[in-house]
Amino acid sequence: MSYQLREEDGYRYIDEGTGEVLVLLHGLMGALSNWEPVVNRFSGNYRVIIPVLPLYEMPLLTTGVKTLSKFLHKFVEHLKLNRFTLMGNSLGGHVALIYALNHPEHIKSLVLTGSSGLYENAMGASFPRRESYDYIKEKVAYTFYDPAMATKELVDEVFATVNDRNRVIRILAMAKSAIRHNMEKDLDKISVPVSLIWGKNDKITPPDVAEEFHRLLPDSELNWIDKCGHAPMMEQPEEFNQHLDLFLRKVYSNGKVV
């Protein structure tokens, strides 16, 4: 990713553009670069911020989605942010939902794409063949509609991560935490506008998960992207950005054309 990574007071993050604030959260196996098409499109009219979530730095006993939400709150206070749009993919969406419940005063709107929080069919509770490069390649390809999206660079990164003992035990702890923390009974308390932008071919959080989110979130819209898996902002960036642009213009009612 070509943007500058800022480091201060223990936080690492990208902060590009000026205007209304968009905070973007990556997933469990994701990276800041997953959001690059969004930064490219929107940083001309908005302030786009992406924190690095401390997935591998937390003490094992406190590794979980609630701890990430607390980290996000400290980060928001550090930057003195207020009334922003919070956007999350996969685990990042789950963290966004918990944060919105706990700190509604800070949230203008939410955008969820392939979010966990209700159900997910991820890599499972273990990596039984993590030493096998072909196995990891197959699992990474499972994330996308088009297997070609599982580039060698991406597979190499995931392969290195799951073969790092410190990282893999935290990934498994985080995945178990996400499964335990089901949000079905809490979603009706989130009153801000929510845009669900979902891949029709998502095999990890399938279409019925998006429909359930739509049913349970009081002020939500559901936008489908065809021929698209679990990471629409990566796999179908133009269509994702079109849905996002329309939603943000409604939220901020300022007629911005991005």
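As the structure is a prediction and not an experimental result, all values here were calculated from the model. Numbering starts at 1 and runs along the sequence shown. The figures that follow rest on heavy atoms only: side chains count, while hydrogens, waters and symmetry mates do not.
In this pair, Phe75 and Phe71 present their aromatic rings parallel. The plane angle is below 30°, not in the 30 to 60° band.
Side chain of Arg167 to main chain of Val162: no donor-acceptor pair is present (N/O by atom type, distance under 3.5 Å, no hydrogens or angles). Formation of a donor-acceptor pair under 3.5 Å by the Thr113 side chain with backbone atoms of Trp198 is not found in this model. The main-chain N or O of Gly92 is never found under 3.5 Å from a side-chain atom of His26 such that the two would form a donor-acceptor pair. The backbone N or O of Asn241 sits nowhere less than 3.5 Å from a side-chain atom of Asp245 that would complete a donor-acceptor pair. Remark: side-chain polar atoms of Ser220 are not paired, donor with acceptor, to backbone N or O of Leu216 under 3.5 angstrom. With hydrogens and angles ignored, the 3.5 Å screen pairs a side-chain donor or acceptor of Ser43 with a backbone N or O of Val39.
Under a 4.0 Å N-O distance rule, the pair Lys74/Glu77 does not qualify as a salt bridge. A salt bridge links Asp186 with Lys189; the closest basic N to acidic carboxylate O contact falls under 4.0 Å.
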Practice problem: Report the C-alpha separation of Arg47 and Leu22 in whole Å, then their side-chain angles, then the decisive distance to 0.1 Å, and conclude whether the side-chain contact (heavy atoms from CB on, under 4.5 Å) test is met. | Solution: CA-CA 6 Å; Arg47 182 183 176 190; Leu22 314 179; over 6 Å; no
Exercise. Please assess Thr85 against Tyr252 for the test side chain to side chain donor-acceptor pair (under 3.5 Å), listing each intermediate value before the final yes or no.
Key: CA-CA 10 Å; Thr85 290; Tyr252 293 104; 2.8 Å; yes
Practice problem: Report the C-alpha distance between Asn34 and Met233 in whole Å, list the side-chain angles of each, state the deciding distance to 0.1 Å, and finish with yes or no for side-chain contact (heavy atoms from CB on, under 4.5 Å). | Solution: CA-CA 7 Å; Asn34 295 8; Met233 70 289 186; 3.9 Å; yes
Quiz item: Under the side-chain contact (heavy atoms from CB on, under 4.5 Å) criterion, do Ser69 and Asn102 qualify, and how do the steps go?
Solution: CA-CA 9 Å; Ser69 177; Asn102 293 333; 4.2 Å; yes
Practice problem: For side-chain contact (heavy atoms from CB on, under 4.5 Å), just list the numbers for Leu97 and Ser115, CA-CA rounded to whole Å, side-chain angles, deciding distance to a tenth of an Å, and then say yes or no. | Solution: CA-CA 9 Å; Leu97 287 165; Ser115 177; 4.0 Å; yes
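Under 3.5 Å, the side chains of Asp156 and Tyr133 contain a donor-acceptor pair of N or O atoms. Side-chain contact annotation: Asn223 with Glu221, donor-acceptor N/O pair under 3.5 Å present. Checking Glu235 against His230 by side-chain atom types alone, no donor-acceptor pair falls below 3.5 Å. A donor and an acceptor atom, one from each side chain of Asp164 and Thr161, are nowhere located under 3.5 Å apart. Side-chain atoms of Ser195 and His243 include no donor-acceptor pair closer than 3.5 Å.
With a 4.5 Å cut-off on side-chain heavy atoms, Tyr135 and Lys139 count as touching. Under the 4.5 Å side-chain criterion, counting only non-hydrogen atoms from C-beta, Lys200 is not in contact with Lys227. You'll find the side chain of Leu55 reaches within 4.5 Å of the side chain of Met174, heavy atoms only. The shortest side-chain heavy-atom distance between Leu68 and Pro54 falls under the 4.5 Å cut-off. Put simply, the side chain of Tyr145 does not reach to within 4.5 Å of the side chain of Asp202, judged on heavy atoms. Contact check for His106 versus Arg83: no side-chain heavy atoms found under the 4.5 Å cut-off. Looking at heavy atoms from C-beta onward, Val21 lies in side-chain contact with Ile49 at the 4.5 angstrom threshold.
A distance of 11.5 Å separates CG of Leu222 from CZ of Phe213, quoted to the nearest 0.5 Å. Separating the CG atom in Leu187 from the CG atom in Leu118 is a distance of 5.5 Å, to the nearest 0.5 Å. With rounding to the nearest 0.5 Å, the separation of OH in Tyr99 from CG in Leu101 is 12.0 Å.
With Ser109 as reference, Val251 is the one residue of Asp219, Leu86, Val251 to meet the side chain to side chain contact (heavy atoms under 4.5 Å, CB included) rule.
Taking a 6.0 Å sphere around CG of Leu60, one finds it holds more than 12 heavy atoms contributed by other residues, nucleotides or ligands. The neighbour count for Glu8 CD, taken as heavy atoms of other residues, nucleotides or ligands under 6.0 Å away, is above 12. Glu105 CD: more than 12 foreign heavy atoms inside a 6.0 Å radius.
Cation-pi check for Lys203 over Tyr142 is met; the charged atom lies under 6.0 angstrom from the ring centroid and within 45 degrees of its normal.
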